[in-house]
Amino acid sequence: MERLSGLVGRGGVVVLSGAGLSTESGIPDYRGPSGLRRSAAPMTYQTFTGDPVARRRYWARSYLGWRTIAAAAPNDGHRAVARLQRCGLVTGVITQNVDGLHQAGGADPVIELHGGLDRVVCLACGDLTPRADLDGRLRAANPDFAALAGGINPDGDVDLTDEQAAGFVTVDCAACGGMLKPDVVFFGEQVPAGRVRASFDLVERAAALLVLGSSLTVLSGRRFVIRAAKLGVPIAIVNQGPTKSDELAGVLVDAPLGPTLTRLAELVA
C-alpha cells in the first residue's frame with residue numbers, strides 16, 4: 001500500500017478497469033473468484049447476427065439480466081476512483097466494463113472501451129436508444145414470460161435453458177424495423193477505432209497506469225499495459241488473483257478492490 005500510494009499520489013494516473021471492480025456490486029467477473037459460477041458462453045457477434053434462435057435466446061437471457069444490471073449500485077471501489085479523479089490524481093478512466101457503474105459512482109469522463117448495456121443500437125439505421133425503452137417494449141411483447149433467472153453474467157445476461165427461452169418474443173428497431181443489438185462489443189467484434197485511439201492517447205500521456213480488477217487475459221485491455229511498459233510508464237495492478245501482465249507491473253496488490261481503493265483514496269486524496 002505504501003508503494004501504491006506513493007505512485008498514485010504523484011498524479012497523472014490513468015485507470016484501466018475490468019470486471020473485478022464490479023463484483024462487490026453483485027456482478028460477477030469473467031475469470032476471478034466469482035467468475036467460477038459462470039456456465040453460459042459469451043455471445044459472439046457472428047452468432048448474434050447470423051442465428052435467429054441464438055439471438056432470441058440471448059434477448060431472453062438479457063431481458064432478465066437487465067433487471068440486475070439496472071438495479072446495481074456503485075461500490076466503494078467505484079467511488080474511490082471518482083474521488084481520485086475529482087482531486088486531480090486520476091487524469092483518465094478506461095473501463096472494459098459495460099455496466100455504467102463508474103459513471104454512477106461519480107467518475108467523468110470515462111472511456112467505455114466495450115460500450116454500455118444502457119443503450120441499444122440498430123444495426124440497419126444506426127439509431128441509438130435507451131435500454132429502458134427497449135425493456136418496456138419487451139415487457140409489452142412478453143406479458144406471460146415467467147422464466148426464472150439463473151446467475152447473472154458479467155455481460156448482463158443470465159443462465160436459461162433453451163426450453164425457457166423458446167417462447168420469448170423479440171422486437172425490432174422502432175424506426176426502421178432493423179435488427180437491434182445492445183451497444184456493447186461482443187466477442188468477435190472490433191472495438192471502435194476512435195475509442196482505441198483515445199485510450200492509447202491517455203496511456204501515452206500518463207505518469208502511471210493503474211489496473212483495477214482485470215486479469216488482462218484479453219488483448220483488448222492488455223494492449224494498453226503493453227504500450228505503457230514499452231514507454232516506461234510505471235504500472236500498478238490491484239486484482240484478486242494473478243494477471244497476464246504481472247511481470248510488467250512495478251506494484252502488485254492481490255486484495256479486494258473496495259477496501260483497498262478506499263484506503264488508497266484516504267491516503268492520497
Side-chain angles (χ1 to χ4, degrees), residues 1-25 27-38 74-85 87-97 99 101-102 105 107 110-111 113-114 154 199-200 202-269:
M1 183 58 72
E2 181 179 354
R3 295 175 62 197
L4 180 62
S5 61
L7 183 66
V8 173
R10 292 195 290 270
V13 177
V14 169
V15 165
L16 172 65
S17 68
L21 185 62
S22 293
T23 58
E24 293 169 40
S25 295
I27 302 172
D29 56 13
Y30 285 98
R31 298 170 182 86
S34 66
L36 298 176
R37 297 195 297 268
R38 296 186 80 252
N75 61 52
D76 289 343
H78 298 110
R79 287 188 285 270
V81 170
R83 180 179 175 184
L84 293 171
Q85 191 179 34
C87 73
L89 295 176
V90 166
T91 57
V93 177
I94 307 163
T95 186
Q96 300 171 85
N97 299 339
D99 51 37
L101 292 179
H102 265 303
V110 176
I111 296 177
L113 196 63
H114 297 151
S199 298
F200 274 127
L202 282 178
V203 171
E204 289 163 4
R205 297 195 305 266
L209 179 64
L210 176 59
V211 180
L212 303 176
S214 176
S215 65
L216 300 172
T217 301
V218 179
L219 184 60
S220 176
R222 191 169 74 249
R223 57 185 158 181
F224 302 115
V225 180
I226 295 170
R227 176 66 62 87
K230 287 182 177 179
L231 295 173
V233 176
I235 299 164
I237 298 176
V238 182
N239 189 59
Q240 288 192 272
T243 80
K244 289 278 286 186
S245 296
D246 282 357
E247 74 283 357
L248 300 179
V251 180
L252 285 170
V253 180
D254 188 336
L257 277 83
T260 302
L261 295 177
T262 298
R263 178 60 179 155
L264 173 64
E266 290 171 348
L267 289 171
V268 301

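- Shown here for Ser215 and Thr217, the closest heavy-atom pair between the two residues is OG-OG1, 2.9 Å.
- Under the side chain to side chain donor-acceptor pair (under 3.5 Å) criterion, Arg227 pairs with Glu204, sequence neighbours left out.
- Under the side-chain contact (heavy atoms from CB on, under 4.5 Å) criterion, Arg10 pairs with Leu7, not counting sequence neighbours.
- Looking at heavy atoms from C-beta onward, Thr91 lies out of side-chain contact with Val13 at the 4.5 angstrom threshold.
- Taken to the nearest 0.5 Å, the CG atom of Leu21 stands 11.0 Å off from the CD atom of Gln96.
- Contact check for Ile94 versus Val14: side-chain heavy atoms found under the 4.5 Å cut-off.
- A donor-acceptor pair under 3.5 Å is formed between the side chain of Asn239 and the backbone N or O of Ser214.
- Distance check, rounded to the nearest 0.5 Å: CD1 of Ile235 to CZ of Phe224 gives 13.0 Å.
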Please tabulate, for the side chains in residues 244-258, all donor-acceptor contacts under 3.5 angstrom to protein atoms that are two or more places apart in sequence or on a different chain.
| unit_1 | atom_1 | unit_2 | atom_2 | d |
| --- | --- | --- | --- | --- |
| Asp246 | OD1 | Thr243 | N | 3.2 |
| Asp246 | OD1 | Thr243 | OG1 | 2.6 |
| Asp246 | OD2 | Thr243 | N | 3.3 |
| Asp254 | OD1 | Gly241 | N | 3.1 |
| Asp254 | OD2 | Gly241 | N | 3.3 |

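- In summary, of the residues considered (Leu216, Leu212, Leu210), a side-chain contact (heavy atoms from CB on, under 4.5 Å) with Ile237 occurs for Leu216 alone.
- Counting all heavy atoms, side chain and backbone alike, Ser199 lies closest to Ile111 at OG-CG2, 3.6 Å.
- Residues Asn97 and Ser17 form a side-chain contact, since some pair of their non-hydrogen atoms from C-beta on lies under 4.5 Å apart.
- Every salt bridge (Lys or Arg N to Asp or Glu O under 4.0 Å) that Arg263 has, sequence neighbours left out, goes to Glu266.
- The nearest pair of heavy atoms linking Ala208 to Val233 is CA-CG1, 3.6 Å.
- Under the 3.5 Å distance criterion, the side-chain polar atoms of His102 are left unmatched by any main-chain donor or acceptor of Ala107.
- Taking all atoms of both residues into account, the shortest heavy-atom contact from Leu84 to Ala265 is CD2-CA, 4.0 Å.
- For Arg83, the salt bridge (Lys or Arg N to Asp or Glu O under 4.0 Å) test picks out no residue, with sequence neighbours left out.
- Smallest separation of non-hydrogen atoms from Ala80 and Leu261: CB-O, 3.4 Å.
- Shown here are the side chain to side chain donor-acceptor pair (under 3.5 Å) partners of Ser25, two or more places apart in sequence or in another chain: Asn75.
- A distance-only check finds no donor-acceptor pair linking the side chain of Arg79 to the backbone of Gly105 [under 3.5 Å].
- Leu113 is not listed as a side-chain neighbour of Thr95, based on a closest heavy-atom distance of 4.5 Å or more.
- Across every non-hydrogen atom of Asp99 and Ser22, the tightest pair is OD2-OG, 2.7 Å.
- The CZ atom of Arg222 sits 12.0 Å away from atom CG of Leu16, with the distance rounded to the nearest 0.5 Å.
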